[in-house]
Trainee: 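Input: one structure, supplied below.
Throughout, a chain's letter reflects where its sequence line sits, starting with A, and its residues are numbered from 1.
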Number of protein chains: 2
Amino acid sequence: MNLAIHPETFKVACSGCNLRELCMPIGFNLDDMKRLDEVVATRRRVKQGDLLFSSGEQFTSLYAIRTGFFKTSVSTDDGREQVTGFQMAGEVIGLDGIVSDHHNCNAVALEDSDVCVMPFANVEELSREFPVLQRHVHKIMSREIVRENSIMMLLGNMRAEERLAAFLLNLVQRLHARGFSQSELVLRMTREEIGSYLGMKLETVSRTFSKFSEDGIIDVKQRYVRIVQPDALKKIFNPDVC
Amino acid sequence: MNLAIHPETFKVACSGCNLRELCMPIGFNLDDMKRLDEVVATRRRVKQGDLLFSSGEQFTSLYAIRTGFFKTSVSTDDGREQVTGFQMAGEVIGLDGIVSDHHNCNAVALEDSDVCVMPFANVEELSREFPVLQRHVHKIMSREIVRENSIMMLLGNMRAEERLAAFLLNLVQRLHARGFSQSELVLRMTREEIGSYLGMKLETVSRTFSKFSEDGIIDVKQRYVRIVQPDALKKIFNPDVC
DNA sequence: AGATATCTTTGATGCAAATCAAACTATTGC
DNA sequence: GCAATAGTTTGATTTGCATCAAAGATATCT
């Protein structure tokens with residue numbers, strides 16, 4: 001698995017960040033970009049297993065992931081956890097906190113991570129000044145709504161194999177957009193976390209991985225996955241089109 | 001079931017609309033409110049069963065529901081439908097279209113309805129001018145994200161009875177916020193649509209209604225539902241707290 | 001008002017995934 | 001380097017809901 005993005009090349013400011021095209025709007029002149037840098041107040045390191053924010057906590061900032069990997073989840077009072085998403089470099093988390101000024105989910109780092117802290121007051125102020133940033137923020141929120149729509153489809157209508165196929169295709173597509181392989185990936189999350197996201201038990205996740213492996217669709221060795229027959233996965237996810 | 005909101009009292013402008021506190025921000029002086037009226041371009045009537053917008057269609061506007069009731073849904077290529085939400089007066093739909101400039105779901109009127117058409121360009125322009133409107137738009141989008149998180153919890157972790165209990169409690173709570181009874185409601189959707197939203201088959205929805213009825217928790221007669229023991233419903237939804 | 005289509009309820013049966021259980025593998029800590 | 005812990009795989013059994021089926025209720029049309 002080749003690392004196309006080298007952490008050591010990161011600059012402090014958005015204007016010099018090679019993830020800019022993922023988490024910031026494009027089409028700025030240099031002066032505007034310098035102003036845009038103001039949106040990021042600080043950086044924050046989050047060690048594997050640590051919380052970036054948790055449900056109930058005061059909301060102040062959005063977070064753009066620079067390096068690392070997160071999961072977000074919500075919980076019931078009786079302790080059931082639902083993973084609501086997995087986020088990687090260039091993605092923005094914390095949008096859930098805007099409505100009530102308090103976070104509504106937990107964000108946990110699944111590996112040592114590094115985030116840009118964007119105080120929401122800065123985001124709103126600069127959004128009023130820069131229509132392209134305003135549009136960008138709206139798109140990020142809309143994208144999250146659309147993503148959750150498709151998860152609802154997954155959870156409400158799909159069988160275990162379809163869910164896992166969709167999950168793998170989505171992960172590898174996002175990794176590929178970041179310069180990683182489109183056929184190999186290392187899962188940052190446990191079978192239980194995958195299961196929670198996809199509405200199935202860890203044993204079912206494991207069995208489904210084994211099934212795909214037996215069918216020659218993927219190679220799995222624990223957290224390492226290689227997609228041998230991407231078309232077969234697409235066909236499982238969407239029998240009609242492929 | 002008493003109608004606290006009388007359609008005939010509606011004014012054309014937001015400033016005179018008695019739903020304003022639901023779909024528009026509060027805390028304006030009269031001059032600002034007049035400006036805010038510009039956000040609504042026109043009105044549109046949608047007859048029962050008709051589409052307000054559909055997946056793939058060009059996105060231009062958000063829609064605030066003035067009267068009536070909608071469902072939104074997404075579909076797979078092989079024809080499976082997932083209802084992603086039910087919306088009533090004062091709620092805003094169309095946010096899914098922002099990210100790609102095309103709508104990503106279908107919105108169907110479940111009764112004759114009336115919506116305020118808010119061209120998104122207007123919304124963005126006025127948002128830059130009025131921070132309180134900007135914040136309001138952000139909150140609406142964030143609220144939708146949080147709602148979908150809780151539906152993911154429902155679909156991923158809850159059993160049929162819990163899902164239906166949560167659904168009824170949510171519906172009646174929103175209706176009550178609009179001046180309707182907190183114990184009686186008339187369902188605007190079929191058993192199949194409820195089932196689609198909650199990830200279960202129509203027969204299971206029907207059986208679960210019957211079960212609640214046998215247990216004396218609700219009275220059901222087709223579309224009419226009266227909640228006899230709200231605490232029992234809350235207990236089913238959340239066994240620990242209640 | 002009667003016919004037709006749509007929606008709902010209830011019963012019988014089947015099945016996909018959950019649960020229970022135990023062995024196996026990888027990672028972490030001393 | 002070995003023990004302890006955390007995570008994964010696989011098998012046996014159970015179960016909640018889906019599916020199949022048919023009757024009953026309501027709404028719509030002519």
Side-chain angles (χ1 to χ4, degrees), chain A residues 47-50 69 71 79-83 108 110-112 154-168 186-215 218-225 236 239, chain B residues 47-50 71 79-83 108 110-112 154-168 185-215 218-225 236 239:
Chain A
K47 293 183 89 75
Q48 183 169 28
D50 284 356
F69 202 90
K71 70 166 177 183
R80 285 178 282 186
E81 185 192 44
Q82 173 70 38
V83 170
V108 177
L110 295 184
E111 59 184 38
D112 289 354
L154 219 65
L155 294 172
N157 280 291
M158 306 245 185
R159 289 169 309 99
E161 289 189 22
E162 297 176 284
R163 295 181 201 193
L164 193 63
F167 171 75
L168 288 173
V186 175
L187 299 169
R188 249 70 247 209
M189 69 294 280
T190 66
R191 300 289 189 261
E192 188 168 21
E193 287 162 337
I194 296 171
S196 172
Y197 186 51
L198 299 177
M200 49 209 255
K201 293 294 153 186
L202 69 94
E203 295 94 329
T204 307
V205 175
S206 179
R207 274 183 240 276
T208 310
F209 269 124
S210 300
K211 169 74 159 52
F212 286 172
S213 181
E214 282 158 28
D215 294 350
I218 61 173
D219 281 350
V220 206
K221 182 118 195 277
Q222 303 283 135
R223 301 284 179 102
Y224 167 86
V225 178
I236 288 166
Chain B
K47 292 184 87 77
Q48 182 169 29
D50 284 356
K71 70 166 178 182
R80 286 178 281 186
E81 184 192 46
Q82 173 69 39
V83 170
V108 176
L110 296 183
E111 58 182 41
D112 289 354
L154 218 66
L155 294 173
N157 280 291
M158 305 244 186
R159 289 170 309 96
E161 290 189 21
E162 298 177 283
R163 294 182 200 193
L164 193 65
F167 171 75
L168 288 174
L185 66 155
V186 175
L187 299 169
R188 248 69 249 208
M189 69 293 281
T190 66
R191 299 291 188 259
E192 188 167 22
E193 287 162 336
I194 296 171
S196 173
Y197 186 51
L198 299 178
M200 49 210 256
K201 292 294 153 184
L202 69 94
E203 295 94 329
T204 307
V205 175
S206 179
R207 274 182 240 277
T208 309
F209 269 124
S210 301
K211 169 75 160 48
F212 286 171
S213 181
E214 282 158 27
D215 293 351
I218 61 173
D219 281 350
V220 205
K221 183 121 195 276
Q222 304 282 133
R223 301 285 179 101
Y224 166 85
V225 178
I236 288 166

Trainee: By nearest nucleotide on DNA chain C, pick out whichever of A/K221 and A/T204 is the more 5' one.
Mentor: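 Counting from the 5' end, the first nearest nucleotide belongs to A/T204.
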Trainee: Should the pair B/K211-B/E214 be classified as a salt bridge under the 4.0 Å nitrogen-to-oxygen rule?
Mentor: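 Not counted as a salt bridge, because no side-chain N and carboxylate O are separated by less than 4.0 Å.
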Trainee: To the nearest Å, give me how far apart CD (A/E192) and C1' (C/dT19) are.
Mentor: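 Distance check: A/E192 CD to C/dT19 C1' gives 14 Å.
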Trainee: What's B/G199 touching, base or sugar-phosphate or nothing? Going by heavy atoms closer than 4.0 Å.
Mentor: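 Sugar-phosphate contact only.
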Trainee: Let's see if you can work this out: which of D/dA18, C/dA17, C/dT9 has an atom nearest to the side-chain heavy atoms of B/S206?
Mentor: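 Ranking D/dA18, C/dA17, C/dT9 by closest atom to the B/S206 side chain puts C/dT9 first.
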Trainee: Between the base of C/dT19 and the side chain of A/R207, is one N or O donor paired with an acceptor at under 3.5 angstrom?
Mentor: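 Under the 3.5 Å cut-off, the side chain and the base do form a donor-acceptor pair.
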Trainee: Report the distance from atom CD of A/E193 to atom C1' of D/dA6, rounded to the nearest whole Å.
Mentor: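 For the pair A/E193 CD and D/dA6 C1', the rounded distance is 12 Å.
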Trainee: Begin from the C-alpha positions of A/L164 and A/I194 and carry the test side chain to side chain contact (heavy atoms under 4.5 Å, CB included) through to its verdict.
Mentor: CA-CA 9 Å; A/L164 193 63; A/I194 296 171; 4.0 Å; yes
Trainee: Check step by step if side chain to side chain contact (heavy atoms under 4.5 Å, CB included) holds for B/Y197 and B/R163.
Mentor: CA-CA 10 Å; B/Y197 186 51; B/R163 294 182 200 193; over 6 Å; no
Trainee: Roughly how far apart are B/D215 CG and B/I236 CD1, rounded to 0.5 Å?
Mentor: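 Rounded to the nearest 0.5 Å, the CG-CD1 separation comes to 7.0 Å.
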Trainee: B/E214 CD to C/dG11 P: how many Å, rounded?
Mentor: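 In whole Å, C/dG11 P lies 9 Å from B/E214 CD.
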Trainee: May I have the distance from A/F209 (atom CZ) to D/dT10 (atom C1'), rounded to whole angstrom?
Mentor: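 In whole Å, D/dT10 C1' and A/F209 CZ are 16 Å from each other.
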Trainee: DNA chain D: A/V220 or B/M158, which has the more 5' nearest nucleotide?
Mentor: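 Comparing both residues, the 5'-ward one is A/V220.
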Trainee: C/dC15 P sits how many Å from A/M200 CE, rounded?
Mentor: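 Answer to the nearest Å: 20 Å.
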Trainee: Rounded to whole angstrom units, what separation is found between the CZ atom of B/R191 and the C1' atom of C/dT10?
Mentor: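 Computing the B/R191:CZ to C/dT10:C1' distance gives 13 Å.
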Trainee: Categorize B/S210 for me: base, sugar-phosphate, or nothing, with a 4.0 angstrom heavy-atom threshold over every strand shown.
Mentor: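 Counting heavy atoms under 4.0 Å across all strands, the contact made by B/S210 is with sugar-phosphate only.
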Trainee: A/E203 CD to D/dT14 C1': how many Å, rounded?
Mentor: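 Answer to the nearest Å: 14 Å.
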Trainee: Is B/R223 near enough to C/dT8 that one of its side-chain N or O atoms lies under 4.0 angstrom from OP1 or OP2?
Mentor: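 So the side chain of B/R223 is within the cut-off, an N or O lying under 4.0 Å from OP1 or OP2 of C/dT8.
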Trainee: Between P on C/dT9 and CG on B/D219, what's the gap in Å once rounded to a whole number?
Mentor: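 Atom CG in B/D219 sits about 13 Å away from atom P in C/dT9.
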Trainee: Please confirm whether any donor atom in the side chain of A/Q222 sits under 3.5 Å from an acceptor in the base of C/dC24, or the reverse.
Mentor: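 By the distance-only test, no, there is no pair.
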Trainee: Tell me, with the steps shown, if B/V225 and B/F209 meet side chain to side chain contact (heavy atoms under 4.5 Å, CB included).
Mentor: CA-CA 9 Å; B/V225 178; B/F209 269 124; 4.2 Å; yes
